[in-house]
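What follows is one structure encoded as structure tokens, with my remarks underneath.
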Amino acid sequence: MRLTTTLAATVLATAALVAAGCGDDNDKSDNSAAPAGKAEPTATATTGDTTAGAGVAISMKDIQFDPKDQTAKVGDKVTWTNDDSVDHNVTATEGEDFKSDNFGNGETFSYTLDKAGTIKYTCTLHPGMDGTLTVTQ
């Protein structure tokens, strides 16, 4: 009986140590900002269009980007949200140069568009999970 009590106490102590290591408030990755060295524009377009500088939301669900093809304006902040139970990332393959870390359910990655053109991007963890942003002035 004494061995069982000692074993149970050891298991509980180990579980407490593991739990204490989880939930660290010091998040080492900040997926909410533009990549290092890339300044985000501070002004919105002056065309009089009230949508310039707005937010664009793209969901990551069922191992797909939704919507897969999106139109946005220079100055818009695009935010990808992982709505899947598996990790994803967002990596530009053409037209821009950004790459997120892998991020889990409920987490986001954001990027502010600073020039017109076509941006193709992918999730490098899931072949075929691709999207396109058409950025206008």
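- Between H88 and I63, the closest heavy-atom pair is CE1-CD1, 3.9 Å.
- Not counting sequence neighbours, the partners of T122 by the side-chain hydrogen bond (donor to acceptor under 3.5 Å, both in side chains) test are D130.
- Checking side-chain atoms of D76 against main-chain N and O of G55 turns up no donor-acceptor pair under 3.5 Å.
- For D87, there are no side-chain hydrogen bond (donor to acceptor under 3.5 Å, both in side chains) partners, not counting sequence neighbours.
- Taking CG from N102 and CG from L125, the interatomic distance works out to 4.5 Å, rounded to the nearest 0.5 Å.
- In terms of the side-chain contact (heavy atoms from CB on, under 4.5 Å) criterion, N105 has no residue partners (sequence neighbours excluded).
- Under the rule for a side-chain hydrogen bond (donor to acceptor under 3.5 Å, both in side chains), T91 has no partner lying at least two apart in sequence or in another chain.
- Counting all heavy atoms, side chain and backbone alike, S110 lies closest to K77 at CB-CE, 3.4 Å.
- No side-chain heavy atom of F109 sits under 4.5 Å from any side-chain heavy atom of D101.
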Inset, instruction - Quick one: do L113 and E96 satisfy side-chain contact (heavy atoms from CB on, under 4.5 Å)? Show the steps, please. - result: CA-CA 9 Å; L113 304 167; E96 268 296 351; 5.7 Å; no

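- Checked against side-chain hydrogen bond (donor to acceptor under 3.5 Å, both in side chains), T124 has the following partners two or more places apart in sequence or in another chain: N89.
- In this structure, the side chain of N82 engages the main chain of F103 through a donor-acceptor pair within 3.5 Å.
- Taking 4.5 Å as the limit, every side-chain heavy atom of L133 sits out of range of all side-chain heavy atoms of K120.
- For G75 against T112, the heavy-atom pair with the smallest separation is O-CG2, 3.9 Å.
- Every residue two or more places apart in sequence or in another chain that forms a side-chain contact (heavy atoms from CB on, under 4.5 Å) with A116 is listed here: V74, Q137.
- In this structure, Q64 and H126 have side chains that are not in contact, with every pair of non-hydrogen atoms separated by 4.5 Å or more.
- Looking at D69 and T134, their side chains never come closer than 4.5 Å, going by heavy atoms from C-beta outward.
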Inset, instruction - Assess whether ring-ring contact (aromatic ring centres under 6.0 Å, His included) is satisfied between W80 and Y121, documenting all intermediate values. - result: CA-CA 11 Å; W80 290 265; Y121 58 90; 5.3 Å; yes

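- Between V56 and T79 there is no side-chain heavy-atom pair separated by less than 4.5 Å.
- At distances below 3.5 Å, not a single donor-acceptor pair connects side-chain atoms of T108 with backbone N or O atoms of T81.
- Nearest heavy atoms, P67 versus A57: CD-O, 4.1 Å.
- Proximity of F65 to M129: side-chain heavy atoms (C-beta onward) are separated by under 4.5 Å at one or more points.
- Within the 4.5 Å cutoff, the side chain of V135 has no heavy atoms near those of the T118 side chain.
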